[in-house]
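Both counts, for ligands and for their atoms, begin at 1 and track the order of listing.
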Amino acid sequence: MKTFAEFGLEPKVLQAITELGFEESTPIQDKSIPIAITGTDLIGQAQTGTGKTAAFGIPLISKIPVSEDRIVALVMTPTRELAIQVAEEIGKLSRYKGTRSLPIYGGQDIGRQIRALKKKPQIIIGTPGRLLDHINRKTIRLDDVQTVVLDEADEMLDMGFMEDITSILSMVPEERQTMLFSATMPPNIQKLAQRFLKNPEHVSVIPKNITAPLIDQAYIELHERQKFEGLSRLLDMESPELAIVFGRTKRRVDELSEALQKRGYSADGLHGDLSQNQRDNVMRKFRDGSIDVLVATDVAARGLDVSGVSHVINFDLPQDPESYVHRIGRTGRAGKEGTAWSFVTPREIDHLHFIEKVTRQKIARKPLPSMAEAIEGKQRITAERLIEIIQSDDFQEYKGIAIQLLERYDSVHLVAAAIKLLTGEKKDVSIELTPEDPIRAKKRKPDIRSSGRRFSGGPFGSGNRSGNGGRSRDSRDNRGGYNRDRNNNSGRGDNRGRNEGGRSGEQRSSNNGEYRRQRSSSDDYVNN
Ligand SMILES: Nc1ncnc2c1ncn2[C@@H]1O[C@H](COP(=O)(O)OP(=O)(O)OP(=O)(O)O)[C@@H](O)[C@H]1O
Ligand SMILES: [Mg+2]
């Protein structure tokens with residue numbers, strides 16, 4: 001681990017890094033930054049939440065002169081949320097240097113994007129579909145691009161962006177630096193790298209376990225119909241700072257977030273059938289803590305970085321081990337600890353074992369929290385809140401009434417009554433969720449081709465995707481619906497018509513390839 005000063009970065013960049021609170025570089029940054037600054041092509045692989053964004057962001061910012069008035073760097077991300085997130089991090093890193101960056105993604109008013117492009121951003125961070133749209137309209141020119149970053153490359157390929165990436169790269173000068181970052185390195189990523197990178201340096205920080213070490217993992221075996229009660233007990237027992245609850249389908253997410261709200265939790269749902277505006281709102285509420293439970297389909301699993309996520313709960317098991325890794329990787333980020341729980345129905349136990357096998361770790365079995373544990377958890381949290389107030393010393397104006405009450409009642413009785421009041425009785429509303437089918441264990445043949453590739457191929461090199469006929473319909477469709485921001489003249493056969501309710505209507509207004517003009521709450525912006 002190094003301090004950032006050791007990379008020889010300019011003072012303005014260093015100052016921004018310090019203000020972000022980064023003291024030492026993470027291993028992937030340690031290895032990538034010196035190489036990336038020299039302009040060499042790079043393949044970077046490291047676990048979730050280990051700072052890959054800054055690993056390419058810092059060198060990008062360092063290399064671009066402030067006086068530059070052309071688009072010289074292009075970052076491609078699979079989803080809109082990621083484009084925004086990466087743009088924000090790059091924006092913060094370039095706060096003092098004044099490097100100008102702009103996120104470009106579907107679902108946002110193209111006219112506004114065009115206006116923002118006139119402010120001459122140097123770095124564009126975009127999703128492939130919308131980028132192509134701008135390229136075709138000639139509102140973005142890539143003739144001067146010197147550096148391309150493919151972030152979350154595994155996810156981009158999974159979503160079928162290969163064709164788009166290829167056409168975008170064909171418009172970027174051959175003489176360029178290309179960097180590819182991914183948490184996993186399955187064979188299709190290696191192919192992509194072979195095709196578009198020139199003598200790349202491989203930088204990988206592959207730990208013994210694929211999942212981040214600071215995540216405590218457990219599962220609870222229960223029946224489908226016990227899941228909701230199990231979830232509310234778990235939330236009460238653990239009282240997460242922020243929790244992400246993953247559901248298998250959009251319907252599940254809708255029903256579950258509504259049910260949680262009815263029971264008095266501050267929860268909201270995120271999936272691909274919501275409008276861009278709704279999605280931005282939910283994410284904002286979650287980031288600022290006005291909701292503390294985010295219920296989501298797999299769309300929220302990739303790359304999203306929300307600090308303070310203490311718990312991930314798989315209400316439904318994910319279809320494949322890789323989604324498991326990405327989902328639980330939403331906690332235990334940036335050196336913090338996190339807890340991941342998975343609900344497993346009896347018929348899914350084999351599937352859980354399969355996840356354990358591929359991720360090479362055991363997931364501990366724990367019992368369903370009892371009612372008593374749930375109540376105790378709530379009481380504990382209430383007591384902690386009381387103690388915090390005592391320590392903050394910010395209650396002077398309540399002292400008068402306290403003294404009056406103490407003259408009339410026993411102190412233990414008083415405190416007990418106060419705790420009862422604060423803990424809040426659970427609202428007794430009956431909840432019906434539509435059952436989901438269990439996930440079946442896949443009978444995947446041991447992958448002979450990749451058995452020797454375990455390490456070079458990365459944690460998922462051994463057969464995770466090969467021979468895998470497909471993810472669960474829902475997870476794929478959700479992600480497709482959520483993320484794609486393509487125009488419609490090159491739709492992908494495999495997703496067509498499979499999305500519940502069709503391809504998510506939010507992305508295109510009709511059949512003319514136009515995007516629905518939607519105002520997004522997260523403005524286009526040029527960071528400067
Ligand atoms: N050197 C550092 N010291 C402390 N925090 C850091 C450092 N580098 C990055 N971070 C913070 O760590 C968090 C995770 O970083 P980032 O989102 O880049 O991870 P990632 O490796 O891209 O994860 P994923 O695979 O999930 O996309 C961010 O909040 C980031 O600001
Ligand atoms: Mg990332």
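- Taking all atoms of both residues into account, the shortest heavy-atom contact from S32 to V203 is OG-CG1, 3.7 Å.
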Below 3.5 Å, can you tabulate the donor-acceptor pairs from side chains in residues 52-62 to any protein atom, sequence neighbours excluded?
residue	atom	partner	partner atom	Å
K52	NZ	A46	O	3.0
K52	NZ	Q47	O	3.0
S62	OG	I58	O	2.8

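- Annotation for ligand 1: atoms under 4.0 Å from non-hydrogen atoms of E89 are 30 (C), 31 (O).
- Summarising the local packing, CD of E384 is surrounded by more than 12 heavy atoms from other residues, nucleotides or ligands at distances under 6.0 Å.
- Counted within 6.0 Å of NZ on K198, heavy atoms from surrounding residues, nucleotides or ligands total more than 12; the atom is thus considered enclosed.
- By the 4.0 Å N-to-carboxylate-O rule, R330 lies too far from D305 to be salt-bridged with it.
- Of all N/O/S atoms in E152, OE2 sits nearest the Mg ion (ligand 2).
- Those atoms of ligand 1 with a heavy atom of R330 less than 4.0 angstrom away are 26 (O).
- Residue K52 places at least one N or O, backbone or side chain, under 3.5 Å from an N or O of ligand 1.
- Every heavy atom of H326 sits 4.0 Å or more from the atoms of ligand 1.
- Contacts of D305 with ligand 1, taken as heavy-atom pairs under 4.0 Å, involve the side chain alone.
- Distances from atom 4 (C) of ligand 1 to the heavy atoms of F181, F22, F4, F56 show the closest one on F22.
- The salt bridge (Lys or Arg N to Asp or Glu O under 4.0 Å) analysis of residues 5-30, with sequence neighbours excluded, yields the pairs E10-K97, E19-R95.
- Across all non-hydrogen atoms, the minimal contact from T339 to I215 is C-CG2, 4.4 Å.
- Here is the list of ligand 1 atoms found below 4.0 Å of a heavy atom in T53: 16 (P), 17 (O), 18 (O), 22 (O).
- Residue T50 has at least one heavy-atom neighbour below 4.0 Å for each of these atoms of ligand 1: 19 (O), 20 (P), 21 (O).
- Close contacts of ligand 1 with E24, meaning ligand atoms under 4.0 Å from a residue heavy atom, involve 1 (N), 2 (C), 3 (N).
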